[in-house]
Each structure stands twice: as structure tokens, then as C-alpha cells.
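Notes follow once the structure below has been shown.
Keep in mind that the numbers below use all heavy atoms, side chains included, and drop hydrogens, waters and symmetry copies.
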Amino acid sequence: MKAYLSVFKLRLTNGLQYRTAALAGIATQFFWGFIIIMVFEAFYSGAVTQPPISLKQLITYVWLQQAFLAFIMLWFRDNELFQLITTGNIAYELCRPSGIYGLWYAKLIAQRLASAILRSLPILAVAFFLPEPYRMPAPSDPLALLLFIVALVLGLCMIVSLSMLMYISVFVTLSPAGSLLMFGVIGEFLAGMVIPVPLMPSWLQSIVYVLPFRWTADFPFRVYSGHIPKEEALIGIAIQLVWFIVLVALGRAAMAKALRRVVVNGG
């Protein structure tokens, strides 16, 4: 455990040094946030029926998505880990006294946390003071905020667990591009990153609700906005915890199996 904490602190410290990249990311995320909101405004202005989620809740959804993008994006990748697998340098990792799964997990969660710390606070600070209709409202009460924080942290743990499966799959495919397409593009769509889950057709929602992806992004954001009531949020947090345990167990089993069959430099 001490080794994992040391790796976590080192990666977190290193990640917090990239302030210029964070400023560029903040500008980009504000640009996309305004574009997405304006597109939804246009759709809502021509709606002939009551949408399943209000425009104010949707605007909150978009700003939270932009503020915590580092927590929820599946296409976030560590090229160093891909190179370890594809070049055979994984042999160096196998010589370490600590487990590879825990070591990589600590690295990935620290990288995401560092990026979110640098970007989320400025985005939220501005979003709270924007003119209507672009302003992001505060949560309805402290309990809603607490449930959101718990759901967001569990969502982060789940997204890292899903990312670990992506890296482990490269042991088999030897193709980071294929793994990113499978987990990143498809996973983010199912998480509500492209179209919020309430706006999806009912047949697609029935698929999304049985998969783990929506619990990483859609669920925490709808808890904050009040679209998901507090009672349902408590049940959802319990489901998140179950999914997290399942994903970690699956990842550890897949990692152990991959390492038993791994071929290093043809040996």
C-alpha cells in the first residue's frame, strides 16, 4: 500500500505542474460548453412536447461534464502504459515487488485527479456567475451536494477500473487504437457524454441502464441537478459500489491471466 501511495503522490505532483496545458483545456472546454448549450437551446425552443429533462438541468449537466471531463473521459490515456505493453518493457514492471494492477490504478487515478483540480474549479467559478440562461445553478441543498460528491468519486473509481480493462485488452490485441475505439468512443456514448441519457430513445436507454458506463457521468450529474431524487440517488450509489467491486475483480482476474500468457520480446 505504501508503494501505491508513493506512486499516487508522485503522479499527482507531476500532473499539477502542467498549468499552461490546463489553461488551454479550460478555454477549449468553455468553447465546447457554450456550443453544446446553444445547440440544445435551439432544439428546446422548437420542442412541441415537454422534454424529459429541463433546459436548466441540461445546462447544469453540460457544465459539470466540462468541469469534470478529466474524471469521466474514457479516451484519456497514458501512452507510457501502452508502450510498456507493446514494446516488451512490461518486463521492468514485472520485476517490481508491488502488483501491477494496483500500481497502474494509482497512476491513472492521480493523473485524472491532477487534471480535474487544475480545470474544474475555474470552470465552475465562472459558470456560477454567467448570465442567464447559461448560468449553472447551485445544488438544491447540502444533501444533494454530498450525494453528488459521493457519486462523482465512485464514478471516478469506476472509470479508472474501466480504463484498466482497456489497457489489459492491449495485452491481447497489441493495438491501443482498437482498444480506445472499443472502450473510449462506444463507452462515452453509452455514458451520456454525447447525448444525455434522458434524451435517448427508450430502446437505447434500456441498453444503457444495464451497462456500467452511465454510472460514471450521467448519474452524478443528474443527482446534482435534481433530476434524480435523493432516494433514488442513494440506491444508485449502492449500485455504483457494486459495479466498482465487480470491475476491480474482473480487472484483477484479467490482468493475472494476461500476465501468465504475456510474451516479452519473443521470450
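The backbone N or O of Ala233 lies less than 3.5 Å from no partner atom in the side chain of Arg222, so there is not a single donor-acceptor pair. Put simply, the side chain of Ser45 gets close to the backbone of Ala42: a donor and an acceptor are under 3.5 Å apart. Here the side chain of Glu232 pairs no donor or acceptor atom with the backbone of Pro229 at under 3.5 angstrom. With hydrogens and angles disregarded, a donor-acceptor distance shorter than 3.5 Å links the side chain of Gln205 to the backbone of Val197. Checked by atom type and distance alone, the side chain of Arg119 never pairs as donor or acceptor with a backbone atom of Ile26 at under 3.5 Å. No donor-acceptor pair under 3.5 Å is formed between the side chain of Gln66 and the backbone N or O of Trp32. Using modelled atom types, no side-chain atom of His227 and backbone atom of Ser54 make a donor-acceptor pair closer than 3.5 Å.
Side-chain contact between Met255 and Trp104 is present, with heavy atoms from C-beta onward closer than 4.5 Å. Counting only heavy atoms from C-beta outward, the side chains of Ile53 and Tyr44 approach each other to under 4.5 Å. The shortest side-chain heavy-atom distance between Leu162 and Phe213 falls under the 4.5 Å cut-off. With contacts defined as side-chain heavy-atom distances shorter than 4.5 Å, the pair Asp218/Pro198 qualifies. Side-chain atoms of Met164 and Leu247, non-hydrogen and from C-beta on, never get closer than 4.5 Å to each other. In this structure the side chain of Phe34 reaches within 4.5 angstrom of the side chain of Leu130, judged on heavy atoms. Looking at Leu147 and Tyr224, their side chains never come closer than 4.5 Å, going by heavy atoms from C-beta outward. Using a 4.5 Å cut-off on side-chain heavy atoms (C-beta onward), Tyr105 and Val160 make contact.
Rounding to the nearest 0.5 Å gives a distance of 4.5 Å between CG of Leu156 and CD1 of Ile109. Note that the CE atom of Met158 and the CH2 atom of Trp215 stand 8.5 Å from one another [nearest 0.5 Å]. Rounded to the nearest 0.5 Å, atoms CE (Met73) and OG (Ser163) are 9.5 Å apart. To the nearest 0.5 Å, the span separating CG on Leu143 from CG on Leu234 amounts to 7.0 Å. Between atom CD1 of residue Ile159 and atom CG of residue Leu108 there is a gap of 11.5 Å, rounded to the nearest 0.5 Å. In this structure, the separation between CD1 on Ile207 and CE on Met200 is 10.0 Å, given to the nearest 0.5 Å.
Heavy-atom contacts from other residues, nucleotides or ligands closer than 6.0 Å to OH of Tyr209 number more than 12.
Between Glu41 and the options Leu58, Leu55, Ile36, a side-chain contact (heavy atoms from CB on, under 4.5 Å) holds for only Leu55.
Under the 6.0 Å cut-off for aromatic ring centres, Phe30 and Trp63 qualify, their centroids lying closer than that.
Smallest separation of non-hydrogen atoms from Pro137 and Phe128: O-CE2, 3.7 Å. Taking all atoms of both residues into account, the shortest heavy-atom contact from Phe71 to Ala116 is CE1-CB, 3.2 Å. Val248 approaches Ser161 most closely through the heavy-atom pair CG2-OG, 3.5 Å. In plain terms, the two heavy atoms of Pro133 and Lys56 that are nearest each other are O-NZ, 4.0 Å. Residues Tyr134 and Ile59 approach most closely at O-CG2, 3.8 Å, considering heavy atoms. Taking every heavy atom of both residues into account, Gln240 and Pro220 meet most closely at NE2-CG, 4.3 Å.
Note on ring orientation: taking the six-membered ring where Trp is involved, the planes of Phe148 and Phe221 are tilted (angle from 30° to 60°).
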